[in-house]
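Reminder, nothing fancy here: chain letters follow the sequence lines and each chain counts from 1.
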Number of protein chains: 2
Amino acid sequence: MSGREPALEVRSKIWLEIDGEPVFGEGREELLRLVRKNGSINAAAREMGIPYRKAWTYVDAMEKRLGFPVVVRRKGGTGGGVSTLSPQAAALLDKFHRLKKDFNGLVNRKFLRLGF
Amino acid sequence: MSGREPALEVRSKIWLEIDGEPVFGEGREELLRLVRKNGSINAAAREMGIPYRKAWTYVDAMEKRLGFPVVVRRKGGTGGGVSTLSPQAAALLDKFHRLKKDFNGLVNRKFLRLGF
DNA sequence: GATGCGTTATACCAAAAACGCATAACGCGG
DNA sequence: CCGCGTTATGCGTTTTTGGTATAACGCATC
(Lines give C-alpha, C1' and ligand atoms only; values in the text may rest on other atoms or scores of the structure.)
Protein backbone atom coordinates (compact mmCIF):
# COMPACT_ATOMS: atom_id res chain seq x y z
CA MET A 1 0.00 0.00 0.00
CA SER A 2 2.78 2.38 0.92
CA GLY A 3 5.54 2.44 -1.70
CA ARG A 4 8.48 0.13 -1.25
CA GLU A 5 9.67 0.10 2.31
CA PRO A 6 13.31 -0.13 3.38
CA ALA A 7 14.61 -3.48 4.60
CA LEU A 8 14.14 -2.72 8.26
CA GLU A 9 14.77 -5.45 10.72
CA VAL A 10 13.93 -5.68 14.37
CA ARG A 11 16.77 -6.55 16.67
CA SER A 12 16.93 -7.06 20.39
CA LYS A 13 19.16 -8.39 23.05
CA ILE A 14 19.30 -9.19 26.70
CA TRP A 15 22.17 -8.91 29.13
CA LEU A 16 23.07 -8.60 32.77
CA GLU A 17 24.23 -5.49 34.53
CA ILE A 18 25.54 -4.59 37.91
CA ASP A 19 25.44 -0.97 39.01
CA GLY A 20 24.59 0.01 35.48
CA GLU A 21 27.66 -1.68 34.06
CA PRO A 22 27.33 -4.67 31.75
CA VAL A 23 28.75 -7.91 33.12
CA PHE A 24 27.30 -10.64 31.01
CA GLY A 25 26.16 -10.71 27.43
CA GLU A 26 26.36 -12.52 24.15
CA GLY A 27 30.12 -12.28 23.67
CA ARG A 28 31.18 -12.98 27.22
CA GLU A 29 28.88 -15.96 27.32
CA GLU A 30 30.56 -17.52 24.31
CA LEU A 31 33.96 -16.74 25.70
CA LEU A 32 33.28 -18.48 28.99
CA ARG A 33 31.80 -21.44 27.19
CA LEU A 34 34.96 -21.80 25.14
CA VAL A 35 37.16 -21.38 28.20
CA ARG A 36 35.31 -24.22 29.85
CA LYS A 37 35.66 -26.32 26.75
CA ASN A 38 39.32 -25.63 26.10
CA GLY A 39 40.72 -25.04 29.55
CA SER A 40 42.49 -21.98 28.26
CA ILE A 41 41.68 -18.31 27.77
CA ASN A 42 44.18 -18.21 24.98
CA ALA A 43 42.64 -21.10 23.06
CA ALA A 44 39.17 -19.70 23.64
CA ALA A 45 40.20 -16.37 22.19
CA ARG A 46 41.74 -18.01 19.15
CA GLU A 47 38.62 -20.02 18.53
CA MET A 48 36.47 -16.93 18.88
CA GLY A 49 38.67 -15.00 16.51
CA ILE A 50 39.46 -12.24 18.97
CA PRO A 51 42.86 -11.23 20.32
CA TYR A 52 43.87 -12.72 23.65
CA ARG A 53 44.17 -9.24 25.04
CA LYS A 54 40.50 -8.58 24.50
CA ALA A 55 39.44 -11.87 26.03
CA TRP A 56 41.54 -11.20 29.09
CA THR A 57 40.06 -7.74 29.44
CA TYR A 58 36.57 -9.23 29.35
CA VAL A 59 37.35 -11.71 32.08
CA ASP A 60 39.08 -9.12 34.21
CA ALA A 61 36.18 -6.67 33.96
CA MET A 62 33.67 -9.38 34.77
CA GLU A 63 35.51 -10.34 37.90
CA LYS A 64 35.92 -6.78 39.07
CA ARG A 65 32.21 -6.18 38.76
CA LEU A 66 30.92 -9.47 39.97
CA GLY A 67 33.25 -9.57 42.93
CA PHE A 68 34.02 -13.25 42.66
CA PRO A 69 36.47 -15.24 40.53
CA VAL A 70 35.10 -16.15 37.13
CA VAL A 71 38.04 -17.96 35.63
CA VAL A 72 40.48 -19.80 37.88
CA ARG A 73 43.78 -19.35 36.14
CA ARG A 74 47.25 -20.66 36.63
CA LYS A 75 50.20 -19.37 34.70
CA GLY A 76 53.22 -21.54 34.21
CA GLY A 77 53.34 -25.23 34.82
CA THR A 78 52.35 -28.05 32.55
CA GLY A 79 51.27 -26.80 29.17
CA GLY A 80 52.31 -23.29 30.20
CA GLY A 81 49.21 -22.78 32.26
CA VAL A 82 45.56 -23.62 32.49
CA SER A 83 42.25 -21.91 33.10
CA THR A 84 38.96 -23.29 34.30
CA LEU A 85 35.62 -21.78 35.12
CA SER A 86 34.79 -21.14 38.72
CA PRO A 87 31.70 -22.97 39.96
CA GLN A 88 29.86 -19.69 40.38
CA ALA A 89 30.70 -18.68 36.83
CA ALA A 90 29.58 -22.03 35.49
CA ALA A 91 26.27 -21.68 37.27
CA LEU A 92 25.80 -18.15 36.00
CA LEU A 93 26.66 -19.27 32.50
CA ASP A 94 23.98 -21.95 32.46
CA LYS A 95 21.44 -19.67 34.02
CA PHE A 96 22.07 -16.97 31.48
CA HIS A 97 21.93 -19.46 28.67
CA ARG A 98 18.42 -20.49 29.65
CA LEU A 99 17.38 -16.89 30.07
CA LYS A 100 18.66 -15.96 26.65
CA LYS A 101 17.06 -18.96 25.04
CA ASP A 102 13.65 -18.12 26.45
CA PHE A 103 14.10 -14.51 25.53
CA ASN A 104 15.06 -15.23 21.95
CA GLY A 105 12.24 -17.64 21.45
CA LEU A 106 9.75 -15.18 22.79
CA VAL A 107 11.01 -12.26 20.79
CA ASN A 108 11.34 -14.16 17.56
CA ARG A 109 7.82 -15.49 17.76
CA LYS A 110 6.37 -12.22 18.81
CA PHE A 111 8.06 -9.56 16.78
CA LEU A 112 10.19 -10.66 13.91
CA ARG A 113 7.23 -11.80 11.86
CA LEU A 114 5.03 -8.80 12.38
CA GLY A 115 6.13 -7.41 9.06
CA PHE A 116 7.55 -4.32 10.57
CA MET B 1 21.51 -21.33 50.17
CA SER B 2 24.33 -19.87 48.14
CA GLY B 3 25.96 -17.00 50.04
CA ARG B 4 24.89 -13.45 49.24
CA GLU B 5 24.45 -12.87 45.56
CA PRO B 6 25.54 -9.73 43.72
CA ALA B 7 22.88 -7.21 42.72
CA LEU B 8 22.51 -8.47 39.18
CA GLU B 9 19.82 -7.00 37.04
CA VAL B 10 18.44 -8.14 33.74
CA ARG B 11 18.39 -5.57 31.00
CA SER B 12 17.21 -5.70 27.44
CA LYS B 13 16.42 -3.48 24.55
CA ILE B 14 14.98 -3.48 21.10
CA TRP B 15 15.93 -1.43 18.10
CA LEU B 16 15.75 -1.28 14.33
CA GLU B 17 18.55 -1.94 11.92
CA ILE B 18 19.10 -1.69 8.24
CA ASP B 19 21.96 -3.60 6.69
CA GLY B 20 23.29 -4.32 10.14
CA GLU B 21 23.47 -0.64 11.04
CA PRO B 22 21.26 0.77 13.79
CA VAL B 23 18.70 3.33 12.62
CA PHE B 24 16.20 3.62 15.38
CA GLY B 25 16.49 3.13 19.09
CA GLU B 26 15.73 4.60 22.47
CA GLY B 27 17.66 7.85 22.06
CA ARG B 28 16.66 8.61 18.50
CA GLU B 29 13.06 7.97 19.36
CA GLU B 30 13.12 10.54 22.11
CA LEU B 31 14.93 12.99 19.90
CA LEU B 32 12.33 12.76 17.15
CA ARG B 33 9.55 13.06 19.64
CA LEU B 34 11.07 16.26 20.98
CA VAL B 35 11.63 17.61 17.48
CA ARG B 36 7.97 17.07 16.74
CA LYS B 37 7.02 18.76 19.96
CA ASN B 38 9.35 21.73 19.67
CA GLY B 39 9.64 22.23 15.93
CA SER B 40 13.39 22.54 16.32
CA ILE B 41 16.35 20.19 16.41
CA ASN B 42 18.17 22.70 18.52
CA ALA B 43 15.45 22.95 21.15
CA ALA B 44 15.05 19.19 21.16
CA ALA B 45 18.75 18.75 21.81
CA ARG B 46 18.70 21.26 24.63
CA GLU B 47 15.74 19.54 26.24
CA MET B 48 17.46 16.19 25.92
CA GLY B 49 20.65 17.56 27.40
CA ILE B 50 22.82 16.62 24.45
CA PRO B 51 24.83 18.96 22.21
CA TYR B 52 23.15 20.10 19.01
CA ARG B 53 25.98 18.59 17.04
CA LYS B 54 25.16 15.14 18.30
CA ALA B 55 21.47 15.50 17.59
CA TRP B 56 22.18 16.63 14.08
CA THR B 57 24.52 13.70 13.51
CA TYR B 58 21.77 11.33 14.65
CA VAL B 59 19.27 12.79 12.23
CA ASP B 60 21.75 12.83 9.39
CA ALA B 61 22.73 9.19 9.92
CA MET B 62 19.11 8.12 10.13
CA GLU B 63 18.28 9.75 6.86
CA LYS B 64 21.30 8.32 5.09
CA ARG B 65 20.35 4.82 6.16
CA LEU B 66 16.61 5.05 5.78
CA GLY B 67 16.82 6.73 2.41
CA PHE B 68 14.00 9.16 3.05
CA PRO B 69 13.80 12.51 4.84
CA VAL B 70 13.22 12.19 8.55
CA VAL B 71 13.23 15.82 9.60
CA VAL B 72 12.12 18.50 7.19
CA ARG B 73 14.32 21.45 8.05
CA ARG B 74 14.52 25.04 7.00
CA LYS B 75 17.38 27.27 7.99
CA GLY B 76 16.91 31.00 8.17
CA GLY B 77 13.60 32.80 8.18
CA THR B 78 11.29 33.51 11.04
CA GLY B 79 12.73 32.36 14.30
CA GLY B 80 15.97 31.48 12.53
CA GLY B 81 14.58 28.28 11.13
CA VAL B 82 12.24 25.43 11.83
CA SER B 83 12.18 21.65 11.71
CA THR B 84 9.29 19.25 11.52
CA LEU B 85 9.00 15.50 11.24
CA SER B 86 8.36 14.03 7.85
CA PRO B 87 5.15 11.98 7.61
CA GLN B 88 7.14 8.79 7.14
CA ALA B 89 9.21 9.53 10.20
CA ALA B 90 6.13 10.29 12.24
CA ALA B 91 4.60 6.98 11.22
CA LEU B 92 7.80 5.11 12.01
CA LEU B 93 8.00 6.83 15.36
CA ASP B 94 4.53 5.74 16.39
CA LYS B 95 5.07 2.25 15.11
CA PHE B 96 8.29 1.89 17.01
CA HIS B 97 6.70 3.29 20.11
CA ARG B 98 4.07 0.57 20.10
CA LEU B 99 6.66 -2.06 19.37
CA LYS B 100 8.81 -0.95 22.26
CA LYS B 101 5.88 -0.74 24.59
CA ASP B 102 4.83 -4.29 23.83
CA PHE B 103 8.38 -5.47 24.10
CA ASN B 104 8.95 -3.85 27.45
CA GLY B 105 5.70 -5.15 28.85
CA LEU B 106 6.52 -8.63 27.73
CA VAL B 107 10.02 -8.57 29.09
CA ASN B 108 9.05 -7.06 32.38
CA ARG B 109 6.31 -9.57 33.01
CA LYS B 110 8.35 -12.49 31.88
CA PHE B 111 11.85 -11.96 33.08
CA LEU B 112 12.46 -9.21 35.54
CA ARG B 113 10.65 -10.97 38.35
CA LEU B 114 12.25 -14.32 37.95
CA GLY B 115 14.72 -13.54 40.67
CA PHE B 116 17.73 -13.96 38.54
C1' DG C 1 68.96 -27.24 39.34
C1' DA C 2 69.03 -25.10 34.92
C1' DT C 3 66.38 -24.84 30.61
C1' DG C 4 62.43 -24.95 27.51
C1' DC C 5 57.72 -24.33 26.72
C1' DG C 6 53.13 -22.34 26.35
C1' DT C 7 50.23 -20.04 29.11
C1' DT C 8 48.75 -15.91 31.90
C1' DA C 9 49.56 -10.97 32.72
C1' DT C 10 50.60 -6.27 31.55
C1' DA C 11 52.72 -2.30 29.42
C1' DC C 12 52.56 0.53 25.55
C1' DC C 13 51.68 2.44 21.08
C1' DA C 14 48.33 2.96 17.13
C1' DA C 15 43.93 3.50 15.23
C1' DA C 16 39.31 4.76 15.48
C1' DA C 17 35.40 6.76 17.28
C1' DA C 18 33.07 10.13 20.09
C1' DC C 19 32.96 14.77 21.81
C1' DG C 20 32.67 19.81 21.60
C1' DC C 21 33.77 24.17 20.22
C1' DA C 22 33.84 27.52 16.59
C1' DT C 23 32.05 29.34 12.55
C1' DA C 24 29.61 29.66 8.20
C1' DA C 25 25.10 29.70 5.70
C1' DC C 26 20.53 31.02 5.57
C1' DG C 27 16.17 33.81 5.18
C1' DC C 28 12.54 36.51 7.21
C1' DG C 29 11.27 40.64 10.07
C1' DG C 30 12.09 44.98 11.34
C1' DC D 1 20.32 45.95 4.86
C1' DC D 2 21.03 44.48 9.49
C1' DG D 3 19.93 41.43 13.39
C1' DC D 4 18.49 37.19 15.06
C1' DG D 5 18.22 32.25 15.92
C1' DT D 6 18.27 28.23 13.55
C1' DT D 7 20.50 24.73 10.52
C1' DA D 8 24.96 23.01 8.74
C1' DT D 9 29.75 21.73 8.96
C1' DG D 10 34.72 21.97 9.69
C1' DC D 11 38.29 20.73 12.81
C1' DG D 12 41.06 19.96 16.85
C1' DT D 13 40.64 17.42 21.33
C1' DT D 14 39.52 13.79 24.12
C1' DT D 15 38.17 9.18 25.04
C1' DT D 16 37.77 4.51 23.79
C1' DT D 17 39.19 0.53 21.48
C1' DG D 18 42.50 -2.50 19.18
C1' DG D 19 46.77 -4.89 18.61
C1' DT D 20 51.55 -5.80 19.31
C1' DA D 21 55.37 -6.68 22.20
C1' DT D 22 57.24 -8.26 26.39
C1' DA D 23 57.52 -9.92 31.10
C1' DA D 24 56.21 -13.41 34.69
C1' DC D 25 55.34 -17.96 35.87
C1' DG D 26 55.88 -22.97 37.16
C1' DC D 27 56.02 -27.76 35.82
C1' DA D 28 58.55 -31.29 32.92
C1' DT D 29 62.44 -32.70 31.11
C1' DC D 30 67.04 -33.31 31.04
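Atoms CZ (A:Arg46) and C1' (C:dT8) sit 13 Å apart, rounded to a whole Å. Summarising the geometry, the separation between CD on A:Glu63 and C1' on C:dT8 is reported as 12 Å, rounded to the nearest angstrom.
The closest donor-acceptor contact from the side chain of A:Arg33 to the backbone of A:Leu31 lies at 3.5 Å or more, if one exists at all. In terms of modelled atom types and a separation under 3.5 Å, the side chain of B:Ser86 and the main chain of B:Val72 share no donor-acceptor contact. A side-chain donor-acceptor contact under 3.5 Å links B:Glu63 to the backbone of B:Val70. For the pair B:Arg65 (side chain) and B:Pro22 (backbone), a donor-acceptor distance under 3.5 Å is present.
Counting only residues at least two apart or on different chains, no ring pair (Phe, Tyr, Trp, His ring centres under 6.0 Å) pair has a member in residues 29-49 of chain B.
Taking 4.5 Å as the limit, some side-chain heavy atom of A:Leu32 sits within range of a side-chain heavy atom of A:Met62.
Within 4.0 Å (heavy atoms only), B:Ser83 reaches sugar-phosphate atoms of the nucleic acid but no base atom.
Between B:Arg73 and A:Pro51, the residue anchored closer to the 5' end of DNA chain D is B:Arg73, taking for each the nucleotide with the nearest heavy atom. Each of B:Thr78 and B:Tyr52 was matched to the nucleotide of DNA chain C holding its nearest heavy atom; the match closer to the 5' end belongs to B:Tyr52.
For C:dA9, one of the phosphate oxygens OP1 or OP2 lies less than 4.0 angstrom from a side-chain nitrogen or oxygen of A:Trp56.
Checked for salt-bridge contact, A:Asp102 and A:Arg98 miss the test: no charged N lies under 4.0 Å from a carboxylate O.
When DNA chain D is scanned 5' to 3' for any atom under 4.0 Å from a heavy atom of chain B, the first and last hits are D:dG5 to D:dC11.
None of A:Phe96, A:Tyr58, A:Trp15 except one satisfies the ring-ring contact (aromatic ring centres under 6.0 Å, His included) rule with A:Phe24; the exception is A:Phe96.
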**Complete:** Its contact letters, B for base, S for sugar-phosphate only and - for none at protein heavy atoms under 4.0 Å, make nucleotides 12-18 of chain C read B------
